[in-house]
**Q** 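Please see the structure below; I have some questions.
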2 protein chains.
Amino acid sequence: MSSIKENIAKKKIFEFCIKEFARAGYANVSIRNISKGAGISIGAIYYYFSSKEQIGQFLYDKTTEIILNKIRLGVQKAPNDKEALRSIIYNLFDMSEKEPHLMEFILYVKHKEFLPDAPPICSSKPFEFIKNFIKKKIDSGVFRDMDIVIASALIMGPVIRIIQLRMDNILKNDIRLYTESLLNGIVKSIFKERA
Amino acid sequence: MSSIKENIAKKKIFEFCIKEFARAGYANVSIRNISKGAGISIGAIYYYFSSKEQIGQFLYDKTTEIILNKIRLGVQKAPNDKEALRSIIYNLFDMSEKEPHLMEFILYVKHKEFLPDAPPICSSKPFEFIKNFIKKKIDSGVFRDMDIVIASALIMGPVIRIIQLRMDNILKNDIRLYTESLLNGIVKSIFKERA
DNA sequence: TAAAATAAAACGAGCGTTCATTTTAAAAAA
DNA sequence: TTTTTTAAAATGAACGCTCGTTTTATTTTA
């Protein structure tokens, strides 16, 4: 049972921590920082979470879930393979623009710091989903026959790289505009060539 | 003037810190850890470095220099454009296999933590060098005419991704073996198509 | 009134850094 | 050569502070 108050408090903590963990790193954000920044007392924080690590766990679970849902929905609605790929790229770029902190948290925060036994982020649910998608396309002959790892790297590598350049403020403009040209490059490298 | 002793001490500190910063993160490695791990007393550490931050600075300078030198040499010796690209990929993979800690330090450690005013890692010397290389190839018509950012992402994205998968131990085998197939995919996405 | 929620104070451990001191080794003086 | 002097190198205890967490006390809610 989680009360309304509990949900409000957790949401405040979520929003502050996502931002701060991404900016300063987990180890450099103290419980006192969180208390002040989220406007929740230390006592309340420990009332809702049993430890600082658990806050990290909570953030990790929430963020991977949000991303997975968005990606999955886009793929499901796509009318064909190229559109499915486009939706993956676009949705990741879209999230990077709309919720940069969330994306930074996933891509930059060393989550081994608070989740010692968790798999690396590239084995988290959203990335696993994308990997399965790629595997299916290779098996069904849509993508060239290649090592799944190579295909995965050729597709996700450039996407993640663009997102990182945006997070680092190297790219000043909306990266959703890059969707088309990046897709074109990726398509060339992995789709079967037209006979 | 840096004495032999100083160089030995700094080397010990370098080797321990590269490993530990990559594994645990800068904030989670204390001076006491460094002292114990490197076999240099706390006092001696502060004799050679004015602060913990300066150790980070030292590591950052050394690692970017090592990587830049290796990449530059490979490109200089390459007989043609494709070989130059191959050398960049191979050398990065080679370093990842031979000195994984060094690569982890560059790719994973949040260096803003100890170098608040440094540019993001993708603007560090080795990456700038590669970016210039790509720009030249676009300008001279070797690569397709595209946004430098896109080209950069299409080339370096997959390479970095493979390295990260290796660092995370998702890839169990020597990634140098992927050089050829990755190069093929990348070539397809950025080289001008044959008429 | 009992349970849930909040707040603040207190705890021990560990942090980066300093510093008075000792050791080491080479240069100067005898 | 032997002794004295000097400065670099190295030491680790101690300082002030912040950490994550717990306890204790009070207020709000049901």
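No experiment lies behind these values; they were computed from the predicted model shown.
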**Q** More 5' along DNA chain C: Gly39(A) or Arg32(A), using each one's nearest nucleotide?
**A** Gly39(A)
**Q** Report yes if a side-chain nitrogen or oxygen of Ser41(A) is closer than 4.0 Å to either non-bridging phosphate oxygen (OP1 or OP2) of dA7(C); otherwise report no.
**A** yes
**Q** Output the rounded distance in Å from CZ (Phe49(B)) to C1' (dT17(C)).
**A** 16 Å
**Q** Take atom CD1 of Ile34(A) and atom C1' of dT18(D), then tell me their distance rounded to the nearest Å.
**A** 14 Å
**Q** Just the rounded figure in Å: distance from P of dA9(D) to CD1 of Ile13(B).
**A** 13 Å
**Q** Going through the distances and angles, do Glu180(B) and Arg86(B) end up as a salt bridge (Lys or Arg N to Asp or Glu O under 4.0 Å)?
**A** CA-CA 8 Å; Glu180(B) 202 54 36; Arg86(B) 189 203 308 276; 2.2 Å; yes
**Q** How long is the line joining OH of Tyr26(B) and C1' of dC15(C), in whole Å?
**A** 12 Å
**Q** What's Ser35(B) touching, base or sugar-phosphate or nothing? Going by heavy atoms closer than 4.0 Å.
**A** nothing
**Q** Does a nitrogen or oxygen in the side chain of Tyr48(A) sit under 4.0 Å from OP1 or OP2 of dT6(C)?
**A** yes
**Q** Would you mind telling me which of dT17(C), dT22(D), dA10(D) lies closest to the side-chain atoms of Ala44(B)?
**A** dA10(D)
**Q** Round to a whole Å and report the spacing from NZ of Lys36(A) to P of dA8(C).
**A** 12 Å
**Q** If you look at every strand shown and take non-hydrogen atoms under 4.0 Å, does Ile42(A) touch a base, only sugar-phosphate, or nothing?
**A** base
**Q** With respect to the phosphate group of dT18(D), does any side-chain polar atom (N or O) of Ser30(A) fall under 4.0 Å of OP1 or OP2?
**A** no
**Q** Take Glu20(A) and Arg23(A) through the salt bridge (Lys or Arg N to Asp or Glu O under 4.0 Å) test and state the conclusion after the steps.
**A** CA-CA 5 Å; Glu20(A) 277 304 285; Arg23(A) 191 189 62 79; 2.9 Å; yes
**Q** Strictly distance-based, threshold 3.5 Å: is any side-chain N or O of Asn33(B) a donor or acceptor partner for the main-chain N or O of Val29(B)?
**A** no
**Q** Closer than 4.0 Å, any side-chain N/O of Tyr47(A) to the OP1 or OP2 of dA5(C)?
**A** yes
**Q** Run the ring-centre check on Phe58(B) versus Phe49(B) and record whether the distance is less than 6.0 Å.
**A** yes
**Q** Which residue lies toward the 5' end of DNA chain D, Asn33(A) or Ser50(A), if each is placed at its nearest nucleotide?
**A** Asn33(A)
**Q** Please report the distance, rounded to the nearest Å, between CG in Asn7(A) and P in dA5(C).
**A** 11 Å
**Q** Check the angle between the aromatic planes of Phe114(B) and Tyr26(B) and answer parallel, tilted or perpendicular using the 30° and 60° thresholds.
**A** tilted
**Q** Quick one: Lys10(B) NZ to dA10(D) P, roughly how many Å, whole number?
**A** 12 Å
**Q** Atom CG of Asn28(B) and atom P of dG14(C): how far apart are they, to the nearest Å?
**A** 14 Å
